[in-house]
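Taking it in order: structure first as structure tokens, then the write-up.
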Amino acid sequence: MINIQYYQTPVGELILGAYDGQLCLADWRYRKKRTNIDKRLQQGLNAEYIEKDTPILQQTRQQLDEYFNRKRQSFDVPLLMVGTDFQKQVWQGLIAIPYGKTCSYLQLAKNIGNEKAVRAVASANGANAISIMIPCHRIIGSDGSLTGYAGGLETKSYLLNLEYA
């Protein structure tokens with residue numbers, strides 16, 4: 001089973017999921033690709049969602065509360081990334097982007113040693129199921145513009161402003 005709980009942020013609701021003592025889901029509940037993300041997780045882990053609290057979900061909520069109150073800049077919840085090796089490489093690259101900093105898809109592709117894979121990097125970024133802790137909101141356009149975000153551009157702007165302050 002993937003144990004899930006809902007968490008209300010200042011800018012929208014997250015669905016949190018834990019499997020085998022690790023966080024596998026912290027995603028915007030009402031995002032466009034909700035069904036795709038849920039299917040990938042459930043098939044990848046051969047598990048169904050059940051609404052039940054766990055110590056990992058409690059720890060996640062506490063750390064997210066601290067983040068939104070500007071008392072936490074990094075997370076130490078154990079993460080379980082469900083995806084291809086390439087997606088996991090991109091997500092590790094996202095984790096390496098420091099709090100309060102941004103990066104373009106091109107720069108992220110260079111950072112993971114695959115400069116020609118900009119579109120694949122963008123696709124992997126969009127498939128991220130662990131928002132905020134795997135900070136896909138820190139990706140911006142090469143021209144400095146805000147690019148798409150599962151939680152919406154207003155949410156992305158909020159998160160970046162929270163970290164810049």
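Fair warning: this is a prediction, and the values are worked out from it, not measured in the lab.
- A continuous path of Ile, Leu, Val, Met, Phe, Trp and Tyr side chains, each step under 4.5 Å between heavy atoms, connects I132 with V90, placing both in one hydrophobic cluster.
- Side chains of I140 and S145 form no contact here, defined as non-hydrogen atoms less than 4.5 Å apart.
- Q87 places a side-chain N or O within 3.5 Å of a backbone atom of T84 that can act as its donor or acceptor partner.
- Separation of atoms NE2 (H137) and CG (L94) is listed at 10.0 Å; rounding is to 0.5 Å.
- The CG atom of L146 sits 11.0 Å away from the CD atom of E154 when rounded to the nearest 0.5 Å.
- Contact check for E163 versus Q73: no side-chain heavy atoms found under the 4.5 Å cut-off.
- Counting only distance, with no hydrogens or angles, the side chain of N125 and the backbone of V121 share no donor-acceptor pair below 3.5 Å.
- For the pair T9/L64, no side-chain contact is recorded, criterion being any heavy-atom separation below 4.5 Å from C-beta on.
- Between C103 and I97, the shortest heavy-atom contact is CB-CD1, 3.6 Å.
- Here the closest heavy-atom approach between residue Y164 and residue G100 is recorded as CE2-O, 3.1 Å.
- Following chains of ILVMFWY side-chain contacts shorter than 4.5 Å, one cannot reach I4 starting from W28, and the two form parts of different hydrophobic clusters.
- For G44 against V82, the heavy-atom pair with the smallest separation is CA-CG1, 4.1 Å.
- The ring pair (Phe, Tyr, Trp, His ring centres under 6.0 Å) contacts involving residues 45-75 comprise Y67-F75, where partners must be two or more places apart or lie in separate chains.
- With hydrophobic clusters built from ILVMFWY side chains whose heavy atoms lie under 4.5 angstrom apart, I95 does not share a cluster with L25.
- Counting only heavy atoms from C-beta outward, the side chains of D65 and Y7 approach each other to under 4.5 Å.
- Counted within 6.0 Å of CD on Q22, heavy atoms from surrounding residues, nucleotides or ligands total more than 12; the atom is thus considered enclosed.
- The CG atom of L23 sits 8.5 Å away from atom OG1 of T54, with the distance rounded to the nearest 0.5 Å.
- At most 12 heavy atoms of other shown residues, nucleotides or ligands fall within 6.0 angstrom of atom CG in D85.
- A donor-acceptor contact shorter than 3.5 Å is absent between the side chain of Q5 and the backbone of L57.
- Under the salt bridge (Lys or Arg N to Asp or Glu O under 4.0 Å) criterion, D53 pairs with R61, not counting sequence neighbours.
- V77 places a side-chain heavy atom less than 4.5 Å from the side chain of Q63.
- For N128 (side chain) and I134 (main-chain N/O), a donor-acceptor pair under 3.5 Å exists by modelled atom type.
- Under the 3.5 Å distance criterion, the side-chain polar atoms of W91 are left unmatched by any main-chain donor or acceptor of G83.
- N114 meets the side chain to side chain contact (heavy atoms under 4.5 Å, CB included) test with F86, I112, A117; sequence neighbours excluded.
- With hydrogens and angles ignored, the 3.5 Å screen pairs a side-chain donor or acceptor of R70 with a backbone N or O of L162.
- In terms of modelled atom types and a separation under 3.5 Å, the side chain of S157 and the main chain of L153 share no donor-acceptor contact.
- In this structure, R29 and L14 have side chains that are not in contact, with every pair of non-hydrogen atoms separated by 4.5 Å or more.
- Atom OH in Y19 sits 5.5 Å away from atom CG in L45 (nearest 0.5 Å).
- Distance CG/D20 to CG/L80: 7.5 Å, rounded to 0.5 Å.
- Side-chain contact check for Q107 and N111: at least one donor-acceptor pair (N or O, by modelled atom type) lies under 3.5 Å.
- Under the 4.5 Å side-chain heavy-atom criterion for Ile, Leu, Val, Met, Phe, Trp and Tyr, I37 and I130 are members of distinct hydrophobic clusters.
- Of the N and O atoms on the side chains of Q62 and Q58, not one donor lies less than 3.5 Å from an acceptor on the other residue.
- Looking only at distances, a side-chain donor or acceptor of K156 sits under 3.5 Å from a matching main-chain atom of T147.
- The minimum heavy-atom distance linking I56 with P78 is given by the pair CD1-CG, 3.7 Å.
- Rounding to the nearest 0.5 angstrom, the gap separating the CZ atom in R138 from the CG atom in L108 is 12.5 Å.
- Of the possible donor and acceptor atoms, one in the side chain of R40 sits under 3.5 Å from a partner among the backbone N and O of A127.
- Residue-environment remark: NZ (K88) exceeds the threshold of 12 foreign heavy atoms within 6.0 Å.
- Two residues are said to be in side-chain contact when any heavy atoms from C-beta on lie closer than 4.5 Å; C24 and I2 meet this criterion.
- Under the 4.0 Å criterion applied to side-chain N and carboxylate O atoms, D27 and R34 are assigned as salt-bridge partners.
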What do the steps show when you test E66 against K71 for salt bridge (Lys or Arg N to Asp or Glu O under 4.0 Å), and what is the final call? CA-CA 5 Å; E66 292 166 355; K71 295 181 177 162; over 6 Å; no
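- Side-chain heavy atoms closer than 4.5 Å link hydrophobic residues (I, L, V, M, F, W, Y) into clusters, and following such links, even through other members, never connects Y30 to L159.
- A 4.5 Å side-chain heavy-atom check between Y149 and S131 finds at least one atom pair inside the cut-off.
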